[in-house]
Engineer: 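I'd like to ask you about the structure that follows.
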Amino acid sequence: MFSKVFSGAVHGIESRIVTVEADISDGLPVFDLVGYLGSEVREARERVRISLKNSGYRLPAKRITINLSPADMRKEGTAFDLPIAVSVLVSLGFLTEESLEGTLFIGELSLNGEIKKVNGVLPIVYMAYEQGFKRCIVPACNVREGAVVQGIEVYGAENLVQLAGFLKGSLMMEPCVLKEEELKPGKEPYEVDFSDIVGQELAKRAIEIAACGMHNILLIGPPGSGKTMLARRIPTILPELSFEESLEISKIYSVSGLLDNNQSLIRSRPFRSPHHTITTTALTGGGRFPMPGEISLSHLGVLFLDEFPEFSRNTIEILRQPLEENEITITRLNGTYRYPANLMLCAAMNPCNCGYYPDRNKCRCSLSQVRHYLGKISRPLLDRIDISIEVPQTDYRELKKQGKGETSASIRERIKLARELQYVRYEKENIQFNSQLSAKMLAVYCKLEKEEEKIMEEAYNRLHLSARAYHRILKVARTIADLEGEERINTKHLTEAVCYRSMDKKYWE
């Protein structure tokens with residue numbers, strides 16, 4: 001007898017329908033799996049066979065052939081165990097095809113028939129909703145994750161016996177429905193606040209501008225000046241996620257296996273801070289079975305790279321393409337995977353090995369040592385950083401000042417207003433932030449008057465800027481104007497943006 005069951009496979013962070021076909025016929029008792037399968041899927045025949053036996057179903061001595069279609073797409077992982085088992089039960093007559101109408105199945109089977117957790121449930125359920133499926137059967141451990149998608153019923157099954165009873169109609173199961181507040185990205189109760197930082201007003205101003213337009217920023221200063229302290233407070237001034245943004249981030253975390261059943265949705269902007277020993281693959285993504293890396297896990301949030309020059313040069317040079325294109329493309333023999341990477345890069349570094357250059361009272365590094373240390377960061381990578389700011393040691397009198405500085409909440413309100421201007425301005429464009437402006441868009445949204453053109457020309461020649469650096473100054477100036485509620489970029493905005501670009505000249509030249 002022939003049967004057909006639907007499942008889904010993750011490709012990058014998107015999903016595709018996989019049709020699981022089963023045929024049971026006379027012949028030698030063989031259990032065959034075909035359809036361009038990975039090793040985990042090929043091993044499914046033993047898991048399914050023993051799981052069915054321990055759930056009370058005896059397989060006849062017949063030829064069982066399972067085909068996973070389309071055959072030109074490689075199937076990886078263990079999520080096909082459940083649809084394979086259901087297709088066999090339908091072919092044997094234990095279940096009817098009518099009971100499976102409009103249903104998609106995902107899940108791994110243990111040998112005793114339990115349905116175990118799998119990765120990538122959220123993007124698969126979302127794809128099922130888009131394809132017009134009425135319901136999804138997922139592992140009970142993943143049910144809250146799948147229930148984030150509205151407009152489709154999501155059931156959590158614990159074992160094969162329970163699922164078979166539900167499909168026959170002898171056992172009731174209720175679809176998981178999340179409360180309304182669980183679907184709203186909320187304000188995270190951060191333990192840190194910008195008011196904790198004494199002094200460093202220039203650095204705080206630069207970080208506010210960077211957070212407003214999602215500009216990449218580099219903090220340079222001696223040890224203990226507060227670079228890490230400043231960076232770790234960036235999430236506290238970023239506006240709350242919209243539901244669409246939260247869903248987009250949650251898909252990435254679902255594919256990576258970083259969502260648990262108590263966390264159905266990522267409710268705050270990511271802040272990722274990998275150690276400088278991280279490998280290229282862990283940063284960018286990929287591997288034998290391609291998975292998102294730290295770059296994609298920082299999507300719509302912050303990627304903080306502390307001790308920037310200590311990272312392997314090959315590793316940080318990989319950042320060039322995703323910082324420019326807001327996505328990372330990984331090509332493997334089995335296909336091409338695209339992961340989103342629309343992030344704000346915040347890097348922090350000392351100016352030399354000992355950390356005190358150019359203070360010659362403390363720094364004992366030779367000029368060649370300083371050049372070698374700074375040379376670990378290439379010019380093309382520096383060109384992709386919009387703002388470079390010096391974070392000096394805090395003066396003792398500043399340190400002993402009474403009273404707190406401006407809170408994260410008040411800074412966040414200003415950023416929120418400026419971002420709303422950006423959302424409205426770029427409503428017809430395929431972008432959200434000033435940092436995403438293309439060269440063509442700059443001519444439309446960053447027009448300069450004669451006086452500003454003259455300043456820009458002088459800065460371009462004196463600082464020996466590249467075309468990319470020139471464009472990034474305009475983007476930062478546009479963000480400064482937005483923070484002040486100005487429609488036009490004027491001299492004040494432009495000169496401030498140029499100052500943020502000139503800091504790298506002090507150290508690298």
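The figures here come from the full heavy-atom set of this structure, side chains too, leaving out hydrogens, waters and symmetry mates. Here, residue 1 is the first one in the sequence, and each next residue gets the next number. What you see is a predicted model, and the numbers here were worked out from it, not measured in a lab.
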Engineer: Answer yes or no: does atom NE2 of His372 have more than 12 heavy-atom neighbours from other residues, nucleotides or ligands under 6.0 Å?
Structural biologist: no

Engineer: List in chain and number order the residues that pass salt bridge (charged side-chain N to carboxylate O under 4.0 Å, His left out) with Glu201, two or more places apart in sequence or in another chain; answer none if no residue qualifies.
Structural biologist: Lys204

Engineer: Salt bridge check, Arg233 against Asp196: does any charged N sit closer than 4.0 Å to a carboxylate O?
Structural biologist: yes

Engineer: Within the distance-only criterion (no hydrogens, no angle test), does the side chain of Thr281 pair as donor or acceptor with the backbone N or O of Gly286 below 3.5 angstrom?
Structural biologist: no

Engineer: Is it true that, when you exclude Glu484 itself, more than 12 heavy atoms of the residues, nucleotides or ligands shown sit nearer than 6.0 Å to its CD?
Structural biologist: yes

Engineer: Does the ring centre of Phe433 sit less than 6.0 Å away from the ring centre of Tyr426?
Structural biologist: no

Engineer: Is the cationic atom of Lys75 (NZ for Lys, CZ for Arg) positioned less than 6.0 Å from the six-membered ring centroid of Phe80 and within 45 degrees of its normal?
Structural biologist: no

Engineer: What distance do Tyr339 atom OH and Ser296 atom OG have between them, rounded to the nearest 0.5 Å?
Structural biologist: 7.5 Å

Engineer: Find out whether Phe271 and Arg232 are in side-chain contact, i.e. whether some heavy atom of one side chain is under 4.5 Å from a heavy atom of the other.
Structural biologist: yes

Engineer: Evaluate the criterion side chain to side chain donor-acceptor pair (under 3.5 Å) for residue pair Thr407 and Ser195; output intermediate values, then yes/no.
Structural biologist: CA-CA 5 Å; Thr407 64; Ser195 60; over 6 Å; no

Engineer: Do the non-hydrogen side-chain atoms of Leu219 and Met349 ever get within less than 4.5 Å of each other?
Structural biologist: no

Engineer: Can you tell me if Gln393 uses its side chain to pair, donor with acceptor, with the backbone of Pro223 under 3.5 Å?
Structural biologist: yes

Engineer: Should Glu317 and Arg320 count as an ion pair when the cut-off is N to O under 4.0 Å?
Structural biologist: yes

Engineer: Evaluate the side-chain proximity of Glu327 to Thr329: yes if any heavy-atom separation is below 4.5 Å, no if none is.
Structural biologist: yes

Engineer: Do Ile473 and Val476 have side chains that get closer than 4.5 Å, going by heavy atoms?
Structural biologist: no

Engineer: If the plane angle is over 60° it's perpendicular, under 30° parallel, otherwise tilted; pick one for Tyr337 and His11.
Structural biologist: parallel

Engineer: Does the side chain of Ile209 reach to within under 4.5 Å of the side chain of Leu483, using non-hydrogen atoms?
Structural biologist: yes

Engineer: Just by modelled atom types, is the Ala79 backbone N or O under 3.5 Å from a matching donor or acceptor in the Glu40 side chain?
Structural biologist: no

Engineer: When you measure from the side chain of Gln131 to the backbone of Met127, do you find a donor-acceptor pair of N or O atoms at a distance under 3.5 Å?
Structural biologist: no

Engineer: Before accepting this row, confirm whether a basic side-chain N of the pair Arg269/Glu245 lies closer than 4.0 Å to the acidic partner's carboxylate O.
Structural biologist: yes

Engineer: Whether the side chain of Asn342 engages the backbone of His299 through a donor-acceptor N/O pair (distance < 3.5 Å, no angle test) should be reported.
Structural biologist: no

Engineer: Strictly by modelled atom types, are Tyr500 and Glu496 linked by a side-chain donor-acceptor pair under 3.5 Å?
Structural biologist: yes

Engineer: How far does CD1 of Ile387 sit from CD1 of Ile217, to the nearest 0.5 angstrom?
Structural biologist: 5.0 Å

Engineer: Examine distances only and state if a side-chain atom of Ser225 and a backbone atom of Gly221 form a donor-acceptor pair shorter than 3.5 Å.
Structural biologist: no

Engineer: So, the side chain of Ser298 versus the backbone of Gly301: is there a donor-acceptor pair under 3.5 Å, distance only?
Structural biologist: no

Engineer: Is any side-chain N of the basic residue among Glu406 and Arg414 closer than 4.0 Å to the acidic one's carboxylate O?
Structural biologist: yes

Engineer: I'd like to know if the side chain of Asn490 reaches the main chain of His493, judged simply by a donor and an acceptor atom lying under 3.5 Å from each other, with no hydrogens or angles considered.
Structural biologist: yes

Engineer: Give a yes or no on whether a salt bridge exists between Lys416 and Glu413, defined as a side-chain N under 4.0 angstrom from a carboxylate O.
Structural biologist: yes

Engineer: Charged N to carboxylate O under 4.0 angstrom, Asp482 versus Arg425?
Structural biologist: yes

Engineer: Please test Arg384 against Glu324 for salt bridge (Lys or Arg N to Asp or Glu O under 4.0 Å), starting from the C-alpha separation and ending with a verdict.
Structural biologist: CA-CA 7 Å; Arg384 287 164 171 81; Glu324 197 72 23; 3.5 Å; yes

Engineer: Would the number of heavy atoms belonging to other residues, nucleotides or ligands and lying under 6.0 Å from CG of Asn430 be above 12?
Structural biologist: no

Engineer: Are the side chain of Asn142 and the backbone N or O of Val138 linked by a donor-acceptor pair below 3.5 Å?
Structural biologist: no

Engineer: How long is the span from the NZ atom in Lys362 to the SG atom in Cys354, to the nearest 0.5 Å?
Structural biologist: 10.0 Å

Engineer: Do Tyr470 and Leu463 touch side chain to side chain, with heavy atoms closer than 4.5 Å?
Structural biologist: no

Engineer: Just grab all the salt bridge (Lys or Arg N to Asp or Glu O under 4.0 Å) pairs involving residues 385-394, residues at least two apart or on different chains.
Structural biologist: Asp386-Arg472, Glu390-Lys506

Engineer: Give a yes or no on whether the backbone of Pro123 and the side-chain of Ser15 come within a donor-acceptor separation of less than 3.5 Å.
Structural biologist: yes

Engineer: About how many Å separate CD of Gln432 and CD of Gln436, when rounded to the nearest 0.5 Å?
Structural biologist: 6.5 Å

Engineer: Atom CZ of Arg272 and atom CG of Leu297: how far apart are they, to the nearest 0.5 Å?
Structural biologist: 4.5 Å

Engineer: Step by step, would you call Asn314 with Ser312 a side chain to side chain donor-acceptor pair (under 3.5 Å)?
Structural biologist: CA-CA 5 Å; Asn314 289 338; Ser312 159; 4.8 Å; no

Engineer: Flag yes if more than 12 heavy atoms outside Glu451 fall under 6.0 Å of its CD atom; otherwise flag no.
Structural biologist: no

Engineer: Decide yes or no on side chain to side chain donor-acceptor pair (under 3.5 Å) for Gln150 and Tyr129, but give the supporting numbers first.
Structural biologist: CA-CA 8 Å; Gln150 303 294 290; Tyr129 162 71; over 6 Å; no

Engineer: Could you measure the distance from the OG1 atom of Thr228 to the CG atom of Asp306? Nearest 0.5 Å is fine.
Structural biologist: 3.5 Å

Engineer: By the definition side chain to side chain contact (heavy atoms under 4.5 Å, CB included), identify the one residue from Leu258, Leu241, Ile266, Val148 that meets it with Ser250.
Structural biologist: Ile266

Engineer: How about Leu442 and Lys475: do any of their side-chain heavy atoms sit closer than 4.5 Å?
Structural biologist: yes

Engineer: Between Thr491 and Glu452, is the side chain to side chain donor-acceptor pair (under 3.5 Å) condition met? List the steps.
Structural biologist: CA-CA 6 Å; Thr491 305; Glu452 287 78 31; 3.0 Å; yes

Engineer: More than 12 heavy atoms of other residues, nucleotides or ligands under 6.0 Å from CZ of Arg462: is that the case?
Structural biologist: no

Engineer: Kindly indicate whether the side chain of Lys376, heavy atoms from C-beta on, has any atom under 4.5 Å from the side chain of Arg313.
Structural biologist: no

Engineer: Counting only heavy atoms not in Arg338, do more than 12 sit closer than 6.0 Å to its CZ atom?
Structural biologist: no

Engineer: May I have the step-by-step check of salt bridge (Lys or Arg N to Asp or Glu O under 4.0 Å) for Glu76 and Arg74, ending in yes or no?
Structural biologist: CA-CA 6 Å; Glu76 307 280 2; Arg74 189 171 176 82; 2.5 Å; yes

